[in-house]
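Here the structure is a predicted model, which means the values were calculated and not measured. Side chains included, hydrogens not; waters and symmetry mates left out as well; all remaining heavy atoms used.
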Amino acid sequence: IPRSRVNGVKGESGASDDELASDVLSHYSSASESASVVDEATGGEPVDEQTAQEETEDKLKQCIDNLMDKSAKTRLAALDSLGGAFSSKLVYDFLLERRLTVSDCLERSLRKGGGEEQAAAATVCAQLCVQLGGGDEGEEGFKILRPVLSAIMIDGCASVAARQSCARALGMCCYVSAAEDGEDLVKSMSHLESVFTMSYPNREGTLPTPNAGTPGLHGAALHAWALLVTLCPASRLTVLLDLHLPKLQACLESSDVNYRIAVGETIALLVELGRDIDRFEDSDTLCESLKGLATDGNKHRAKNDRRKQRTIFREVLHYIENEDFSEEKIRFGVEGIYIDSWMRRRVYDAFKEVLESGVRHHLQFNPLLRDIFGLGPPLILDSSVKSSKISRFEKHLFNSAAFKARTKLRNKVRDKRADVM
């Protein structure tokens, strides 16, 4: 069962919360699986919940068996099916007794599969950690998978798609499963740094010419690293800010629009974290660089690229100049969360990258995500509850108060981890 986490950092909670989360998770896991199988297997005809759950589990068992098939095509199809199930359903109870088998199969695909199979296996690794949550089971799986994910990511001979997927998986698995382990956190961040710092300028200040696909790899590694930065204690943040902010500012001149955007978002996050610990001083040169990108009208860039770049960099510039973040609300069911900081956006975007369209389902029913975003145990609603919604302003006040409380507790946990790092 996921232990309590504060904005991604595991804290302390009583057994009663865990038991409640477990009971509700089991209930909703069954319900969501039933609905899926009803639609899929019977064309909408009524099927009792027990039968539906058994059919779903039979399909998952077959997928796990197929992960050990000799045919690469069969293994890849099984990975795709598992990925779809892990994204759209909660199957914690089913996975609990099979987690080591699934981890071993994923490790085998990563070590022996081709590039496409490795990329798919890495994505399922991240989804598996999200399913198992931040408890001992998730940490156990991460210990098995971290070395091979890191090895592929830093292997220049591996396919770029596989390396990119491994970078994303390493960040998510470490964030979910190793937040209290300073050693694993430092190792994972170091491996990610070894990838994206290849985009940094050389001693003469010249940016390297990127090979095909490498900006995407560098962006994935940078985003994964930025996610893990949110777990670092103040002492470590100080070092990271001094080391990386100047180099990242130079990378704003990258020739790839998506990498420029990843760099801009990471700079905004680092500035936000630096301000939290009073370690950032306003930089005129940084603001000038951001202004240029926020108003970029170069005709040699594609029109859509220019529009996307201007939108993001206007937000980044506005935040750095005014300390004001453009708030966004994510709705799911009768609930919603406010994305009101760069840290919160990075965390949400990371889960969205891994879970894709299933992220809203997990926000509704997965205790791990609900704990991270301060939503409390999953709601059990009947029609009378659904009709009595509180106002948007009231929700915002509750959300903001909960986030401030979690931020304070997160800083306490950071201080405890500082000795390790």
Side-chain angles (χ1 to χ4, degrees), residues 6-10 146 150 153-154 167-168 170-176 178-203 205 207 217-252 254 259-283 285-287 289-290 316 319-320 323 325 341-347 349-350 407 410-421:
V6 181
N7 198 41
V9 179
K10 286 179 281 187
R146 183 184 64 77
S150 297
M153 182 185 67
I154 63 177
R168 190 178 296 118
L170 181 64
M172 177 55 68
C173 292
C174 185
Y175 181 81
V176 169
E180 284 180 347
D181 191 328
E183 185 177 347
D184 275 343
L185 183 60
V186 169
K187 284 181 180 178
S188 297
M189 291 183 70
S190 177
H191 286 137
L192 290 164
E193 285 175 7
S194 72
V195 174
F196 71 78
T197 53
M198 297 299 291
S199 68
Y200 281 5
N202 57 26
R203 292 181 180 178
L207 291 175
L217 169 63
H218 294 158
L222 181 60
H223 271 150
W225 177 84
L227 178 67
L228 298 185
V229 168
T230 66
L231 301 178
C232 290
S235 57
R236 183 70 176 175
L237 274 177
T238 301
V239 175
L240 295 176
L241 287 166
D242 292 343
L243 178 62
H244 290 284
L245 261 182
K247 301 289 181 65
L248 286 171
Q249 185 176 335
C251 290
L252 291 171
S254 168
Y259 188 58
R260 288 196 300 275
I261 288 172
V263 169
E265 292 172 333
T266 302
I267 287 174
L269 173 64
L270 292 176
V271 169
E272 181 179 88
L273 294 172
R275 282 174 170 161
D276 282 347
I277 59 172
D278 298 322
R279 286 291 301 177
F280 176 75
E281 297 178 2
D282 292 341
S283 167
T285 56
L286 173 59
C287 288
S289 298
L290 294 172
V316 175
Y319 170 73
I320 289 177
E323 297 190 40
F325 183 87
S341 68
W342 289 101
M343 178 168 63
R344 209 164 164 85
R345 176 181 283 184
R346 176 83 295 269
V347 174
D349 284 350
T407 301
R410 181 200 72 217
N411 290 335
K412 291 180 183 177
V413 178
R414 275 181 176 170
D415 292 340
K416 291 178 184 177
R417 212 168 30 244
D419 294 337
V420 181
M421 302 183 70

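In plain terms, the two heavy atoms of C251 and S199 that are nearest each other are SG-O, 3.5 Å. Contact detail for S188 and L228: the closest heavy-atom pair is CB-CD1, 4.0 Å. Across A350 and L227, no two heavy atoms sit closer than the pair CB-CD2, 3.8 Å. Scanning all heavy atoms of the two residues, the minimum distance from G171 to A224 falls at CA-CB, 3.8 Å. L252 approaches R260 most closely through the heavy-atom pair O-CD, 3.1 Å. For A268 against Y319, the heavy-atom pair with the smallest separation is O-CE2, 3.9 Å.
Taken from OG1 in T238 to CG in D242, the straight-line distance is 7.0 Å, to the nearest 0.5 Å. One finds the CZ atom of R345 at 6.5 Å from the CD atom of E265 (value rounded to the nearest 0.5 Å). Here the straight-line distance linking atom OH of Y259 with atom CG of L217 works out to 9.5 Å at 0.5 Å rounding. Here the straight-line distance linking atom SG of C174 with atom CG of L231 works out to 7.0 Å at 0.5 Å rounding. Note that CG of L248 is 6.5 Å distant from OG1 of T266, once rounded to the nearest 0.5 Å. With rounding to the nearest 0.5 Å, the separation of NZ in K247 from OG1 in T197 is 8.5 Å.
Counting only heavy atoms from C-beta outward, the side chains of T230 and L269 approach each other to under 4.5 Å. In this structure, the side chains of V229 and R236 stay at 4.5 Å or more apart for every pair of heavy atoms. Put simply, the side chain of V316 reaches to within 4.5 Å of the side chain of W342, judged on heavy atoms. R275 is listed as a side-chain neighbour of I320, based on a closest heavy-atom distance under 4.5 Å.
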Chi angles and distances behind the side-chain contact (heavy atoms from CB on, under 4.5 Å) call for V263, H218: CA-CA 10 Å; V263 169; H218 294 158; over 6 Å; no
Chi angles and distances behind the side-chain contact (heavy atoms from CB on, under 4.5 Å) call for M189, C232: CA-CA 10 Å; M189 291 183 70; C232 290; 3.6 Å; yes
Verdict with reasoning, R344 to E272, per side-chain contact (heavy atoms from CB on, under 4.5 Å): CA-CA 11 Å; R344 209 164 164 85; E272 181 179 88; over 6 Å; no
side-chain contact (heavy atoms from CB on, under 4.5 Å) between V347 and Y175, worked out: CA-CA 9 Å; V347 174; Y175 181 81; 3.5 Å; yes
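Judged purely by atom type and a 3.5 angstrom limit, S190 has no side-chain atom pairing as donor or acceptor with the backbone of K187. Judged by distance alone, the side chain of S289 and the main-chain N or O of T285 form a donor-acceptor pair under 3.5 Å.
In this structure, F196 and H244 have tilted ring planes: the angle between them lies in the 30° to 60° band.
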